[in-house]
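To start, the structure itself, in structure tokens.
By convention in this document, chain letters (A, B, ...) are assigned in the order of the sequence lines, proteins followed by strands, and residues within each chain are numbered from 1.
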There are 2 protein chains.
Amino acid sequence: MPDFPQLALDQQLCFPLYAATRAVTKQYAALLTGTGLTYPQYLVMLVLWEAGEPVTVSALGNRLRLDSGTLTPLLKRLELAGRVERRRDAEDERRVLIELTAAGRALREQVADVPLRLASAMDLDRSSVVSLRDELNVLIAHLDDA
Amino acid sequence: MPDFPQLALDQQLCFPLYAATRAVTKQYAALLTGTGLTYPQYLVMLVLWEAGEPVTVSALGNRLRLDSGTLTPLLKRLELAGRVERRRDAEDERRVLIELTAAGRALREQVADVPLRLASAMDLDRSSVVSLRDELNVLIAHLDDA
DNA sequence: CGTCATTCGATTGTGCGCAATACAGTTGTG
DNA sequence: CACAACTGTATTGCGCACAATCGAATGACG
């Protein structure tokens, strides 16, 4: 019976990546209670705040690497909560534009301190965060090619 | 109108982490088609193969940081697929022991090359993988305390 | 021996994440 | 204009992930 050292959970990159993401998401969920946002909803709001103008569903999907099967119901929940409005683009009726409401824009100040609070919970120095972030971006880029 | 540079998607660690995990999971899904395993199911199998003996649901949960709400249905699907058997522990009737079937054990050889194939898809040198893995483990440890 | 807190797992309900599919609207081509 | 190909979004179905809750089994304590 051969052994399979390469299948050891702790030797692989995949599991720490998977576990760390869920741990970070859980921290965000804790900091976002009170805003009514989930973590993926928060990411969508980040894109909308950054854009400063209506954004199509596909643009959101490209930025966040999510497809319409994920975004459509998420955006409907954001609309139901009064954070965004959804309307067809008059220029091209296939497109749906997502626009912040006043309440959606106001939320930005309420979460402005979230990244800082997260960083303190993670307790990593700035250089570790930067190198980790950059290595992850390299990884993503490589997987895109494959 | 104040600006919120700290809310920029690209400056934060959270988004690359989130996106990289989904990219890696997608790669695993591709390599695991044919085995009938999903990525979380593959992780459960890794733990069972490593243990070499029946494992309780809670032990699986501790190792993988997943709760019974996730594991119970996942294990039922693995049982339905003939990979594992579930039975109450005679010593303590509250516990459920998860045991590999012959088919479940046999699967190990079939996926033995998956980590190597993943590593080649990720195209990172060994030292990057190790440092990334270790930094993620540090991150997880810190979030546990918080 | 009762009983009371704890442990273990299952269940329920909500929200992703994604493949596959459907379909309306748009564009290209002759 | 006719019509085929393409685009952008929505829908469906399945499988996680997790909070909250429940109920059975156990163990500690008086």
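Take the nearest nucleotide of DNA chain C for A:Arg77 and for A:Glu91: the residue whose nucleotide is more 5' is A:Arg77.
Residue A:Tyr18 has a polar side-chain atom (N or O) positioned under 4.0 Å from OP1 or OP2 of D:dA17. In this model, the phosphate group of D:dA17 is not approached by any side-chain N or O of A:Thr25 to a distance below 4.0 Å at OP1 or OP2. Between B:Thr38 and D:dC16 there is a side-chain N or O to OP1 or OP2 distance below 4.0 Å.
Rounded to an integer number of Å, the gap from CZ of B:Arg22 to C1' of C:dA19 is 15 Å. Atom CG in A:Leu64 sits roughly 13 Å away from atom C1' in C:dC16 (whole-Å rounding). Here the C1' atom of nucleotide D:dC14 and the CG atom of A:Asp67 are 14 Å apart, to the nearest Å. In this structure, the CZ atom of B:Arg65 is 11 Å from the P atom of D:dC18, given to the nearest Å. In this structure, the CG atom of A:Leu60 is 16 Å from the C1' atom of C:dG17, given to the nearest Å. When rounded to the nearest whole Å, the span between CD1 of B:Ile98 and C1' of C:dC8 equals 12 Å. At whole-Å resolution of the value, CG in B:Leu66 and C1' in D:dC18 are 10 Å apart. Rounded to an integer number of Å, the gap from CG of B:Leu37 to C1' of D:dC16 is 14 Å.
With hydrogens and angles ignored, the 3.5 Å screen pairs no side-chain donor or acceptor of B:Arg87 with any backbone N or O of B:Ile98. The backbone N or O of A:Ser68 lies less than 3.5 Å from a partner atom in the side chain of A:Thr72, making a donor-acceptor pair. A:Arg22 places a side-chain N or O within 3.5 Å of a backbone atom of B:Arg65 that can act as its donor or acceptor partner. For A:Thr101 (side chain) and A:Gly82 (main-chain N/O), a donor-acceptor pair under 3.5 Å exists by modelled atom type.
Checking each of A:Leu74, A:Leu46, A:Val84, A:Leu75 against A:Gln41 for a side-chain contact (heavy atoms from CB on, under 4.5 Å) leaves exactly one that passes, namely A:Leu74.
In A:Glu79, the CD atom is crowded: over 12 heavy atoms of neighbouring residues, nucleotides or ligands sit closer than 6.0 Å.
Ion pair B:Glu99/B:Arg86 not flagged as a salt bridge, since none of the NZ, NE, NH1 or NH2 atoms sits closer than 4.0 Å to an Asp/Glu carboxylate oxygen.
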Output one letter per nucleotide in nucleotides 1-12 of chain D: B when a protein non-hydrogen atom lies under 4.0 Å from the base, S when only the sugar-phosphate is that close, - when neither is.
------BSSBB-

